[in-house]
Amino acid sequence: MAGSWHQASAEELFRTLDTGHEGLSAAEATRRLVEHGPNELPHKEGRGPLAMLVAQFADFLILLLFAAAAVSWVVGDAVDMLAILAIVILNAIIGFVQEFRARKAMAALRQMAGQVATVVRDGRPLQLAAAELVPGDWLLLETGNVVAADVRLVEAHRLALDESALTGESLTVDKVTAALSDPDLPIADRRNMAWKGTIVAAGRGSGVVVATGEHTELGRIAALLQAEEEGPTPLQRRLASFGRKLGLAILGICGAIFVYGISQREPVVQMLLTAIALAVAAIPEALPAVVTISLALGAARMVRRNALIRRLPAVETLGSVTYICTDKTGTLTQNRMDVTTVFLAGRSYPFPEQEMPDAFRESGEHDPSVLLLRAAALCIDAHVAESGIVLGDPTETALYRFAARHSLVKEELLLSSPRVAEIAFDAERKAMTTIHAWQGGYIAFTKGALEGLMERMPRQLTIDGVVPVNAVEIMDETERMAAHGLRVLVLAMRRWERLPEPITPEAVERDLIFLGLVGMMDPPRPEAGEAVQLCKTAGITPVMITGDHPTTARTIGRLLGIIDDTGVVLTGRELARLDDDSLKERVGEVHIYARVAPEDKLRIVRALQEKGELVAMTGDGVNDAPALKRADIGVAMGITGTDVAKEASAMILLDDNFATIVQAVREGRRIFANIVRFITYSVTCNTGALVAITAAPLLGLPLPLLPTQILWLNLLTDSLPGLALAVEPAEPDIMDRPPIKPGEGVFAGGRGWEVVWLGLFIGLLALALQFGEIRAGHNWQSEIFTLFVVSRLAVAVAYRSTRASVLSLGLFTNKPLIGAVVVVLCAQAAAVYLPLMQRAFKTKALEWQELALIAVAAVGVFLVIEIRKLVGRIYFKA
């Protein structure tokens, strides 16, 4: 009967599990504990801290950097060696800390499973550790308890559970005890069950434990969470591929240069040092530092925008996202119920907070609108705390605010109309009544569901007085409201001169006068609609995945623009009928999923990923944790999120706001653009040096750069300008572009060709200058040395944008780059003009004519890039 306990009657339950109200005997409980094992969530140990630390160095680019550090030490460049090692070690420490923190998700899940429980054994109640519970135990529940196992309820007295962490349902669930016939009911609709890890919000109850440990719904989620392994981010995959290809290319070219030099009878030591220095120079060793600093600065910027990054690579991952799968409650909506529609006196009124419908007139105490507001204010248990926050059930707090907006405040009304009696809400009647002293007699206000009250309301109040009830009109209006995703409550009244005795539902809740209907919903956040449209403009598809009712989900989806009137809403039940292949075919056309189970969310994420999409997944509950971990980037809610969801995620929204995710996507795109900008800048300039050094011997020219000059060039121009490019502001149209394709490499989109042609241009320009200056008898080697430094600065300035003109960006919008240019020029001037530096780098002071020639050549490099961008804007819209 596992999985269908909600269908069993109490008698079937007792018979199947051989138990009853007296509970199990101690001996039988001990035997079952041995048979079923302890009531604990399964967990597996991960690799130890040392293994995690060692794994941080198992990357081709990192190994290449180690080799570069070793070579720098061999050639006597201790500064370069120390810089490289510092970068590598910092990168490893950050990676280690991130993985170590990621292991906390299962620990948080085990903590929320409940530590103690009250059971009946041998006919006596006793408290014991939750781990000792077994199937068949009689479990007692009361307000505040964490349910310690899956329980089929047999007794319930005003019992309501908060299941939001498990099911995603934002409202508390009123529990029943009767058997439910539908075998395929979603978890959220099995109202005669209490699930492990949920919280008793009100009332008390008891029932039989039907599942423990890994066999509970919480245990099933734990198994899903453990099964999901985090893979590398798109940036990590791109950089790994880039590192492998770059390393092989560098080794091949430098080997060829060494062999050719030897064949031309160049000194062996000189050629060896040149090849080694060129290999070191060609490796962009500042890349890990640029990536780490870019991500860290991006994470700091995101915190100021209410997005807390737990794993640095997630910052960039956001920029490549193609789908955002988001929860509804609190993320797209305000996470509070509000009255949005009122029906009274035969008319329906939309109810914005700022306006009062025409029928809400101040025509006296007998006006239907005044009585409806009074009923909303008094027939509730919600109240205002000292902080000014309205506390209570979400529907009741909505009624409190509804009445207070029209100056009927509960606390003030109670002074003239004190509550003298009440009949509490229960799930069977689906109604609540409060009785108040009023005008020398008594008045009762009743609120509840229409199906529970319709037959008890023979009359209704209109502007013309009390008339027979128009049941058809009321039922039609209720259905219309429900079809728009509203939660509908009836408000009714009854008056007496003397109170009936006894005060029972049968005596009080009859012969009621219908006052009106109030329709409530959790309204969309004001900024969510704009954020959804911005997603679509940016080529990102927003998808709502919620545990709420399909009608509610469709309404919110339409209001926000996630779907139109013809959009498909797929329920968890329909989803369960689709195999993985069928889901993969449909997942691209479905943008709203409702009443879903934890494994449904996981299947949706997997199906999208198998179609080549990069998926961000938001969530707040335990049920979201497996999907959060599986997604390319998991985003947990900071306010409503459980510890389990937060630990399984890469990013936490401190304001639970969908618009914050979209801002984070913008920041992610900026960071990725800056990393690619640095790589393109660095490799282009290195290619220019490779071209010049490779071609010079072929053209009968001496090597244009000495080994020490190559290393100086690398250290000076890769670091400061590269780091300055990492803080370049986002381009204005960054959210008008499609996302970077998940499989797209660093040099996709024409960047590879740009590296080649611009590198060739710089290399050939240097060779032309070398040839001309040798013939003129000028100080050619110092000129070429300085030209490479200054031309790299020109490339860095031009590459502030790969599309827009630098003039349109503004010369002073990246102040760090201006500072980097000044520092590099001063350092190069020192290398050329200071006697001590001249001896180290074999340089001579340059004349003003030589400096002017270098400046013209550098400006030429800058203009070539700007012309390429202009052509792209005009002809290719690039």
Side-chain angles (χ1 to χ4, degrees), residues 174 339 341-349 351 357 359-360 363-381 395-396 398-399 402-403 408 417 419-436 438-439 441-483 486-520:
D174 298 310
V339 174
T341 304
V342 178
F343 175 81
L344 77 162
R347 293 181 61 187
S348 178
Y349 303 93
F351 197 73
F360 278 51
S363 59
E365 291 289 314
H366 298 288
D367 185 276
S369 62
V370 175
L371 285 168
L372 181 134
L373 286 166
R374 185 177 287 268
L378 292 175
C379 191
I380 55 175
D381 288 326
T395 57
E396 294 200 344
L399 291 173
F402 166 60
L408 273 74
S417 301
R419 184 185 294 190
V420 296
E422 68 177 88
I423 303 173
F425 175 89
D426 71 49
E428 303 297 333
R429 289 173 25 253
K430 298 181 180 179
M432 170 185 178
T433 297
T434 59
I435 304 175
H436 304 264
W438 195 58
Q439 294 185 348
Y442 300 93
I443 190 169
F445 292 115
T446 299
K447 76 171 190 296
L450 181 66
E451 61 266 29
L453 294 174
M454 190 69 251
E455 294 180 356
R456 295 181 248 166
M457 296 186 301
R459 296 172 294 163
Q460 69 183 74
L461 184 63
T462 69
I463 296 174
D464 300 321
V466 177
V467 300
V469 72
N470 188 335
V472 172
E473 180 184 60
I474 293 171
M475 287 189 288
D476 287 347
E477 182 61 26
T478 302
E479 290 177 4
R480 190 191 68 81
M481 286 188 182
L486 303 182
R487 184 171 187 176
V488 185
L489 283 181
V490 173
L491 291 173
M493 60 168 278
R494 187 180 175 188
R495 294 190 60 188
W496 300 273
E497 291 184 3
R498 288 184 301 177
L499 287 177
E501 293 185 5
I503 296 177
T504 63
E506 293 76 18
V508 173
E509 293 174 350
R510 62 183 179 84
D511 200 24
L512 298 172
I513 298 173
F514 172 79
L515 294 175
L517 303 171
V518 288
M520 295 178 244

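In this text the structure is predicted, and so the values were computed from the model without any measurement.
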Are V469 and R459 side-chain neighbours, meaning at least one heavy-atom pair lies under 4.5 Å? no
Results of salt bridge (Lys or Arg N to Asp or Glu O under 4.0 Å) for R419 - residues two or more places apart only: D381, E422
Contacts of T434 meeting side-chain hydrogen bond (donor to acceptor under 3.5 Å, both in side chains) (sequence neighbours excluded), chain-then-number -> H436
Non-hydrogen side-chain atoms of I463 and P368 separated by less than 4.5 Å: yes
If every non-hydrogen atom of R429 is compared with every non-hydrogen atom of I423, which pair is closest and at what distance? NH2-CG2, 3.6 Å
Nearest-0.5 Å distance that lies between atom CG in L372 and atom CZ in F514: 8.5 Å
Which pairs count as salt bridge (Lys or Arg N to Asp or Glu O under 4.0 Å) when at least one residue sits in residues 497-508, sequence neighbours excluded? none
Listed by chain and number, what are the side chain to side chain contact (heavy atoms under 4.5 Å, CB included) partners of P458, not counting sequence neighbours? D511
Nearest 0.5 Å, please: how far is CG in L512 from CZ in F445? 12.0 Å
Rounded at 0.5 Å granularity, tell me how far OG1 in T341 sits from CG in L486. 5.0 Å
Salt bridge (Lys or Arg N to Asp or Glu O under 4.0 Å) contacts in which one or both residues fall within residues 441-452, not counting sequence neighbours: E396-K447, K430-E451
Where do R495 and I443 come nearest, in terms of heavy atoms and distance? CG-CG1, 3.9 Å
For residues L453 and A431, report the shortest heavy-atom separation together with the two atoms involved. CD2-CB, 4.0 Å
According to side chain to side chain contact (heavy atoms under 4.5 Å, CB included), who are the partners of A421, at least two apart in sequence or on a separate chain? I435, I503
Return the CG to CH2 distance between L371 and W438, rounded to the nearest 0.5 Å. 5.0 Å
For M475, check side chain to side chain contact (heavy atoms under 4.5 Å, CB included) against everything at least two apart and list the hits. L450, M454, A471
Hey, are the side chains of V490 and M457 touching, using non-hydrogen atoms and a 4.5 Å cut-off? yes
Closest approach of A375 to L515 (non-hydrogen atoms, all atoms of both residues): CB-CD1, 4.0 Å
Flag side-chain contact, heavy atom, 4.5 Å: F343 against I474: yes
Looking only at non-hydrogen atoms, find the nearest pair between L399 and A376 and report the distance. CB-O, 3.6 Å
Side-chain donor or acceptor of E509 paired with backbone N/O of R456 under 3.5 Å: no
Apply salt bridge (Lys or Arg N to Asp or Glu O under 4.0 Å) to R494 and list each qualifying residue two or more places apart in sequence or on a separate chain. none
Of all heavy-atom pairs between A377 and L408, which one has the smallest distance, and what is that distance? CB-O, 3.8 Å
Partners passing side chain to side chain contact (heavy atoms under 4.5 Å, CB included) against A507 (at least two apart in sequence or in another chain): T504
